[in-house]
Amino acid sequence: MAVDEENVDFRKIAQKWRKKWASEKVLQVEADNRKKYYIAIVYPYMSGLLHLGHLFTYTNSEILARYKRMRGFNVLVKFGFHCTGTPIVAAAQRVKEKEPTQLETLRKMGISEKDLPKFSDPEYWCEYFPKETLIDLKKMGFAIDERYTFRTTFLNPPYDAMVRWQFNKLKEKGYVKKGKHPVVWCPKDNLPVGDHDRSEGEGETPKDFIWVKFRMKNSDLILMAGTTRPDALLGQTNLWIDPKAEYSIVEVGKEKWVVGNDAIKKIEQQYAKPKLVGKLKAAELMGKWARGPLVDYDLYILPASFIDAKVGSGIVYSALEDPVDLVELQRLQTNPDTLRKYGLDTGVVSKLKPISIISIPEMGDDLGQEMINKYGIKSAKDKEKLEEAKGELNRAVFRKGVMKKNCGKYAGMTSPAAQAAIKKDLHEAREIAMFYELTGKVVCRCLTECVVKIVEDQWFIEYNDPEWKKLAHKCLGKMQIHPEILRKQFEYVIDWLDHWACTREYGLGTKLPWDQKWVIESLSDSTIQMAYGTISKYLQNPSDYGFSTHKLNDEFFDYVYLGRGDPAKVEKSTGIQRKLVEKMRSDFEYWYPFDFRNSAKDLLQNHLTFCLFNHAAIFQEKHWPRTFLINGRIMVNNQKMSKSKGNFFTMRELYTKHGPDIVRLTAAMAGEGADDANYDMKFHEVAKRKLSELHSFIIENYNKGRTETSPVDEWFESKVNSAIKKTTEAMEGLMFKSAIQYSLSDMARYLKIYLRRTGNKPNKRVISLFCQSLIKMLTPIVPHFSEEVWEAIGEKGLISSSQWPTYEEEKIDKEAEAAEQLVTDILSDFSKVLELAKIEKPKEVMLLVAPKWKYELVSILKEELKKTRDQRALINTCLTEKDLKPHGEDVAKIVQGALKDPSKLPETTITREKEIEAYESAKAEIEKEYRAKVSIDDAEKSKEPKARQAMPGKPAIIVK
RNA sequence: GCGAGCGUGCCGAAGUGGUCGAACGGAACCGGCUAAGGACCGGUUGUGGCGAGGUCACCAACCCAGGUUCGAAUCCUGGCGCUCGCACCA
């Protein structure tokens with residue numbers, strides 16, 4: 001095969017066929033009476049051009065779309081451009097401030113110096129990038145009907161109207177509620193600070209923190225002690241304060257709280273306006289008594305070295321099952337001087353001891369002491385060991401702890417359950433105040449240290465509603481999830497999702513219909529937009545259909561999506577002709593639900609699960625989603641793609657350089673399943689070479705060749721048919737990389753063998769079948785290339801609109817394939833023999849085929865081995881056969897061997913005649929390769945001692 | 001820390017209880033073709049055997065350690081390592 005690298009210009013043919021498809025409108029879609037297949041692509045965020053990550057995910061949808069078209073489906077691919085949210089606004093702001101990295105990013109995407117200032121306006125981003133993205137999609141040859149494309153936010157009034165409808169629906173069902181919400185807050189910017197806006201503290205979040213009220217004896221003062229373990233209140237023994245600190249008395253509502261000085265700010269930010277009414281030295285508190293909730297005794301107030309008044313509320317209560325508390329107490333008990341220094345009563349302190357409230361299997365009654373012993377802790381100075389011990393104990397409590405009998409109504413509960421119950425009870429009794437504490441220090445990009453702020457009037461989608469969760473589970477249960485192993489994760493996420501803050505104070509999007517101060521957040525406005533994609537053709541191009549979309553209302557969507565109401569009334573309120581309203585309804589009914597949605601695995605936990613919830617809430621069951629395909633993340637040359645590593649590629653760079661088909665093929669080969677895929681830059685060249693070769697081969701050989709047939713033709717035809725079968729199954733199973741392997745790689749390999757065995761003289765019918773089938777199976781992956789080849793071999797019409805090849809089960813000939821395998825085996829055995837015998841130039845080669853009775857024996861033995869492994873019985877059964885009797889001794893030997901290692905028996909038994917035929921047909925090739933005379937004989941008639949070893953499928957080989 | 005997934009030859013990757021020294025692709029090496037070749041063709045790529053004219057035997061082997069089984073890359077338990085997510089970020 002002569003290879004001419006330049007024989008295919010992948011960029012040129014892409015342009016040619018793109019124009020052809022456009023002029024013949026092959027990618028335009030209308031609802032009709034065919035089976036439909038609706039692919040809802042996850043729309044990309046419009047803060048830049050599409051990159052390799054998008055390419056990889058979209059390639060899956062694209063291959064499937066074209067495959068389904070060839071299977072006779074009417075395929076709609078929905079494509080949108082996501083503009084909702086804050087990143088575009090933030091990026092525009094950075095352009096305005098002329099931030100160098102932001103400007104550089106835009107320059108790299110090909111934006112000229114003079115156009116840069118335009119990007120300081122967020123709305124310009126929403127104009128520019130959708131337009132450019134659509135160009136990219138077309139140039140990649142994606143099977144998208146551009147009339148259906150749309151962008152999000154108020155910039156697109158009909159989309160805006162649909163999101164309002166969605167939220168009204170959710171609210172009607174009681175799934176949207178107002179509530180308080182803690183956020184990480186920058187006091188200088190007066191804005192929430194997300195992970196990406198921090199100079200320090202990525203991953204830190206607000207964590208629940210409970211302040212428990214301890215009322216001082218003979219006083220109206222209340223000591224506030226912070227904790228994350230309210231269950232430990234059942235074993236409270238004393239209070240700890242910082243002996244060096246000064247405390248404040250603040251009025252909160254009608255109460256007077258005692259807290260560390262630094263806690264006042266927290267009260268103000270998270271609770272209520274406090275009023276400072278006094279100060280207290282630690283000494284004034286020590287030795288006093290206070291009483292906490294859940295117990296009927298007073299606690300003694302003691303100093304502790306580990307307390308820092310700046311942390312939490314500045315006061316902690318002690319539960320001596322905790323090793324930290326226990327060590328601290330032991331320190332006091334063994335240092336009477338310290339007690340005397342603070343004027344404390346040694347009698348009281350010496351009587352303090354742990355109260356056992358939690359039982360953990362395999363642990364005793366004194367958990368604190370047990371941990372101290374285990375970690376070999378000697379004093380309070382072993383801080384690291386103490387922290388570890390405490391951590392281990394907390395984990396054990398959380399996982400295995402059960403409340404003991406002395407815990408009143410909480411007895412018998414698991415510790416986490418008791419924590420929740422106690423928290424709830426005390427909250428209702430107003431014995432605690434709820435606070436949040438950051439899990440670590442967070443510093444805003446503006447270098448201000450962040451705090452927790454409670455947003456008072458945040459709107460939430462109540463994904464924690466148990467009934468709703470049930471519906472979501474039901475929806476999932478009816479779906480196909482690929483790969484199936486990820487279903488468990490969906491199950492988990494559905495249960496885990498809590499309420500979701502669905503509104504923002506700023507950013508692009510749709511205003512919450514009943515509270516215009518808020519903008520609907522971007523993950524929440526995209527959960528049912530696949531429904532919009534079924535009718536977007538009309539709504540995005542209203543003038544083509546003679547109406548205006550500015551009066552879209554809930555009535556309209558109620559009718560189109562849910563079939564409720566009266567189209568005549570809809571006409572009246574929207575001004576859209578009744579006929580068109582009805583057409584949109586029927587289009588929706590035709591296309592919906594979506595059959596397929598594909599994303600990378602990072603959207604599983606939010607977007608895809610939200611999609612389930614919202615469909616379950618809003619749509620009829622018949623309109624619930626059908627299939628999710630989740631892919632891994634894309635790596636470039638086995639490295640994570642990132643701008644800083646310099647391996648960040650836009651889709652545009654790639655197709656401009658290599659042409660779209662090469663990029664599509666490389667992306668499809670990058671991987672499948674949930675594991676990370678690898679986009680291999682070297683593969684571009686491999687792909688070009690392979691396709692070029694295929695191109696010349698098909699053109700040179702299609703519809704040419706001999707007309708007489710040979711056994712190898714049967715074999716090859718069988719291989720072609722099984723390749724079609726395997727490829728089709730892979731496509732149906734959404735395994736696109738496998739599909740390429742079964743078609744492109746496997747078939748090329750078989751072709752090589754076939755050409756060799758036929759001396760480059762293929763059979764005309766079979767080779768044409770091969771060419772047609774292969775080029776068709778490649779069409780979904782490399783459509784431009786396929787069209788080009790299709791045209792070059794003189795076929796009429798577009799291959800994109802042709803039918804997927806079918807295979808004939810009866811043409812898949814196991815015997816022919818097994819026979820070919822025998823020849824391959826013989827050839828490899830040959831070279832071994834030659835090597836070992838050190839014969840370089842054999843003169844004569846004899847293949848001695850086993851006698852007929854051995855074939856009989858093998859077939860009986862294979863059957864019998866399934867029933868028994870008893871040697872005697874096997875031999876006896878075999879010897880009942882008349883033809884085998886005379887060979888008793890040999891039979892016994894063979895049976896023994898087979899028992900020891902069943903793999904010695906040939907896998908597929910073909911008849912002796914077929915086997916000989918296979919060798920005969922390979923004879924010429926062997927003679928040519930070894931330049932030796934080849935003869936095929938009956939082993940039984942041979943005098944060679946080796947002849948006895950011949951077995952079915954394993955002839956004795958004699959080389960001289 | 002929690003949840004889900006993964007861990008196979010030089011690399012990527014198939015393989016879910018015997019037919020597995022392990023498909024397929026890449027890479028490397030040897031040989032052939034050739035003026036030359038990054039192209040093509042054939043072969044090799046765990047270790048050992050002064051067994052051997054192949055279709056063989058033996059040892060070891062699919063992250064590590066145990067276990068279940070007549071039998072495990074495949075099932076179970078524990079450990080180690082990696083990936084994704086963990087909420088206002090799309």
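Every chain is numbered from 1, with letters handed out A, B, ... down the list of sequences. Quantities reported herein were computed from a predicted structural model and do not represent experimental measurements.
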Peer 1: Please write out the pairs of protein N or O atoms and N or O atoms of nucleotides 72-78 of chain B separated by less than 3.5 Å, giving the distance to one decimal.
Peer 2:
none

Peer 1: At a heavy-atom distance below 4.0 Å, what parts of residues 598-606 of chain A sit against RNA chain B?
Peer 2: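 RNA chain B contact set from residues 598-606 of chain A: A:Lys601, A:Asp602, A:Gln605, A:Asn606.
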Peer 1: May I ask which nucleotide in the shown strands pairs with B:A65, Watson-Crick or G-U wobble, both distances under 3.5 Å?
Peer 2: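 Its partner is B:U77.
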Peer 1: Should B:G49 form a Watson-Crick or G-U wobble pair with both distances under 3.5 Å, which nucleotide is its partner?
Peer 2: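 None - no nucleotide pairs with B:G49, as no candidate has both distances under 3.5 Å.
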Peer 1: Between B:A28 and B:G81, how many Å separate the two C1' atoms, rounded to a whole number?
Peer 2: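 Nearest-Å result for B:A28 against B:G81 at atom C1': 28 Å.
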Peer 1: Can you check the A:Tyr742 OH to B:A14 P distance for me, whole Å?
Peer 2: 10 Å
Peer 1: What heavy-atom pair brings A:Pro206 and A:Val184 nearest, and what distance separates the two atoms?
Peer 2: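 Reported closest heavy-atom pair: CD-CG2, 3.9 Å.
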Peer 1: Side chain of A:Trp496 only, heavy atoms from C-beta on: which candidate in B:A4, B:A87, B:C88 is closest?
Peer 2: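 So the side chain of A:Trp496 is nearest to B:A87.
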Peer 1: Indicate, with a heavy-atom threshold strictly under 4.0 Å, whether A:Asp498 touches base, sugar-phosphate, or nothing.
Peer 2: base
Peer 1: Are the side chain of A:Asp525 and the backbone of A:Val163 linked by a donor-acceptor contact shorter than 3.5 Å?
Peer 2: no
Peer 1: Check side chain to side chain donor-acceptor pair (under 3.5 Å) between A:Glu521 and all other residues, then give those that pass, not counting sequence neighbours.
Peer 2: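 Side chain to side chain donor-acceptor pair (under 3.5 Å) list for A:Glu521, sorted by chain: A:Trp500, A:Ser524.
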Peer 1: Distance check, P atoms only: B:G67 and B:C62, in whole angstrom units.
Peer 2: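 To the nearest whole Å, 16 Å.
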Peer 1: So which nucleotide from B:A90, B:A87, B:A4 ends up closest to the side chain of A:Pro87?
Peer 2: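 Output: B:A90.
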Peer 1: Backbone N or O of A:Leu486 within a donor-acceptor pair of the A:Gln489 side chain at under 3.5 Å?
Peer 2: no
Peer 1: Any carboxylate oxygen within less than 4.0 angstrom of a Lys/Arg side-chain nitrogen, looking at A:Asp465 and A:Lys177?
Peer 2: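 Judged by the 4.0 Å cut-off on N to carboxylate O distance, A:Asp465 and A:Lys177 do not form a salt bridge.
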Peer 1: What integer number of Å spans the C1' atoms of B:G49 and B:U8?
Peer 2: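 Nearest-Å result for B:G49 against B:U8 at atom C1': 27 Å.
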Peer 1: State the pairing partner of B:C24; accept Watson-Crick or G-U wobble contacts with both distances under 3.5 Å, and report none otherwise.
Peer 2: B:G12
Peer 1: If only atom types and distance count, is the side chain of A:Lys453 paired as donor or acceptor with the main-chain N or O of A:Pro182 below 3.5 Å?
Peer 2: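 It does not hold such a pair.
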Peer 1: Is there a donor-acceptor pair under 3.5 Å between the side chain of A:Tyr742 and the backbone N or O of A:Lys737?
Peer 2: no
Peer 1: Looking across every strand, which nucleic acid part, if any, lies under 4.0 Å from A:Thr86 by heavy atom: base, sugar-phosphate, or nothing?
Peer 2: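 Answer is sugar-phosphate: A:Thr86 comes under 4.0 Å of backbone atoms only.
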Peer 1: Please determine if A:Glu484 and A:Arg487 form a salt bridge, counting it only when a charged side-chain N lies under 4.0 Å from a carboxylate O.
Peer 2: yes
Peer 1: Under a 3.5 Å cut-off for both contacts, is B:G71 paired Watson-Crick or G-U wobble with anything, and if yes, with which nucleotide?
Peer 2: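 By the stated definition (distances under 3.5 Å), nothing pairs with B:G71.
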Peer 1: Roughly, in whole Å, what's the span from CE in A:Met635 to P in B:U83?
Peer 2: 9 Å
Peer 1: In the structure shown, which nucleotide is the Watson-Crick or G-U wobble counterpart of B:U19, with both distances under 3.5 Å?
Peer 2: none
Peer 1: Which pair of non-hydrogen atoms, one from A:Thr84 and one from A:Ser522, has the smallest distance, and what is that distance?
Peer 2: O-CB, 3.4 Å
Peer 1: Using whole Å, report how far OH of A:Tyr492 lies from P of B:C2.
Peer 2: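 Nearest whole value for this atom pair: 10 Å.
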Peer 1: Is A:Ser47 touching bases, backbone alone, or none of the nucleic acid, heavy atoms closer than 4.0 Å?
Peer 2: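 Nothing: the residue A:Ser47, judged by heavy atoms under 4.0 Å, touches no strand.
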Peer 1: Is there a donor-acceptor pair closer than 3.5 Å between any side-chain N or O of A:Glu672 and the backbone N or O of A:Ser738?
Peer 2: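 Side chain of A:Glu672 to backbone of A:Ser738, a donor-acceptor pair under 3.5 Å: yes, one is there.
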Peer 1: From C-beta outward on A:Gln489, which listed nucleotide comes closest to its side chain: B:A4, B:A87, B:C41?
Peer 2: B:A4
Peer 1: Identify whether any heavy atom of A:His82 sits under 4.0 Å from a base atom; if not, whether one sits that close to sugar-phosphate; answer base, sugar-phosphate or nothing.
Peer 2: sugar-phosphate
Peer 1: Would you find a donor on one side and an acceptor on the other, under 3.5 Å apart, between the side chain of A:Lys469 and the backbone of A:Asp495?
Peer 2: yes
Peer 1: Any non-hydrogen side-chain atom of A:Tyr463 less than 4.5 Å from a side-chain atom of A:Phe610?
Peer 2: yes
Peer 1: Nearest whole angstrom, please: distance from the C1' of B:A27 to the CE of A:Met681.
Peer 2: 19 Å
Peer 1: Within the side chain of A:Thr666, is there an N or O that forms a donor-acceptor pair under 3.5 Å with the backbone of A:Met681?
Peer 2: no
Peer 1: Would a 4.5 Å heavy-atom cut-off, applied to side chains only, mark A:Met46 and A:Ile88 as touching?
Peer 2: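 A side-chain contact under 4.5 Å exists here.
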Peer 1: Expressed in angstrom and rounded to an integer, what is the separation of A:Ile461 atom CD1 from B:A87 atom P?
Peer 2: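 Those two atoms, CD1 and P, are 17 Å apart.
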Peer 1: Under a 3.5 Å cut-off for both distances, is B:G1 Watson-Crick or wobble paired, and to whom?
Peer 2: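 Paired with B:G1, as far as the under-3.5 Å criterion goes, is B:C86.
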Peer 1: Please name all residues satisfying salt bridge (Lys or Arg N to Asp or Glu O under 4.0 Å) with A:Asp602, sequence neighbours left out, ordered by chain then number.
Peer 2: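 Scan of A:Asp602 (salt bridge (Lys or Arg N to Asp or Glu O under 4.0 Å), adjacent residues dropped) gives A:Arg633.
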Peer 1: Counting any heavy atom closer than 4.0 Å, what does A:Val193 reach on the DNA or RNA strands: base, sugar-phosphate only, or nothing?
Peer 2: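 Sugar-phosphate only.
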Peer 1: Suppose you measure atom P in B:C64 against the same atom in B:A27; what distance do you get, rounded to whole Å?
Peer 2: 29 Å
Peer 1: Tell me which nucleotide, if any, is Watson-Crick or G-U wobble paired with B:C40 when both distances must be under 3.5 Å.
Peer 2: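 Across all strands, the one nucleotide that pairs with B:C40 is B:G32.
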Peer 1: Taking the C1' atom of each, how far is B:U83 from B:G26, in whole Å?
Peer 2: 23 Å
Peer 1: Assuming nearest nucleotide by heavy-atom distance, tell me which of A:Gly85 and A:Ser745 is located more 5' along RNA chain B.
Peer 2: A:Ser745
Peer 1: Please enumerate all residues that pass salt bridge (Lys or Arg N to Asp or Glu O under 4.0 Å) together with A:Lys719, with sequence neighbours excluded.
Peer 2: A:Glu817
Peer 1: Of the nucleotides B:G3, B:A90, B:C41, which has the atom closest to the A:Leu523 side chain?
Peer 2: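 Within the option list, the nearest is B:A90.
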Peer 1: Suppose we call a contact any N or O donor and acceptor under 3.5 Å apart; does that hold for the side chain of A:Arg633 and the base of B:C84?
Peer 2: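 A donor-acceptor contact between them is absent.
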Peer 1: Would you mind telling me which residue lines up with the more 5' stretch of RNA chain B, A:Pro182 or A:Met669, judged by nearest nucleotide?
Peer 2: A:Met669
Peer 1: Describe the nucleic acid contact of A:Ile485 in one word from base, sugar-phosphate, nothing, applying a heavy-atom distance below 4.0 Å.
Peer 2: sugar-phosphate
Peer 1: Please classify the nucleic acid contact of A:Pro192 as base, sugar-phosphate, or nothing, using heavy-atom distances under 4.0 Å.
Peer 2: nothing
Peer 1: Mind checking the C1' distance from B:G21 to B:A60? Whole angstroms is fine.
Peer 2: 11 Å
Peer 1: Give me the distances for all protein-to-nucleotides 10-12 of chain B N/O pairs that come in under 3.5 Å?
Peer 2:
none

Peer 1: Using a cut-off of strictly less than 4.0 Å, decide whether A:Ser522 has a side-chain nitrogen or oxygen near OP1 or OP2 of B:A90.
Peer 2: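 For B:A90, OP1/OP2 do have a side-chain N/O of A:Ser522 under 4.0 Å.
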Peer 1: For A:Trp185 and B:C88, give me the distance from atom CH2 to atom C1', rounded to whole Å.
Peer 2: 12 Å
Peer 1: Between B:C76 and B:U68, how far is it from one C1' atom to the other, in whole Å?
Peer 2: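 Roughly 7 Å separates the two C1' atoms.
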Peer 1: Rounded to whole angstroms, how far apart are CD on A:Glu521 and P on B:C88?
Peer 2: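 After rounding, the reported distance stands at 10 Å.
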Peer 1: Starting at atom CG of A:Leu393, determine the distance to atom P of B:G1, rounded to an integer number of angstrom.
Peer 2: 16 Å
Peer 1: Say you pick atom P in B:G66 and the same atom in B:A73; how far apart are they, in whole Å?
Peer 2: 15 Å
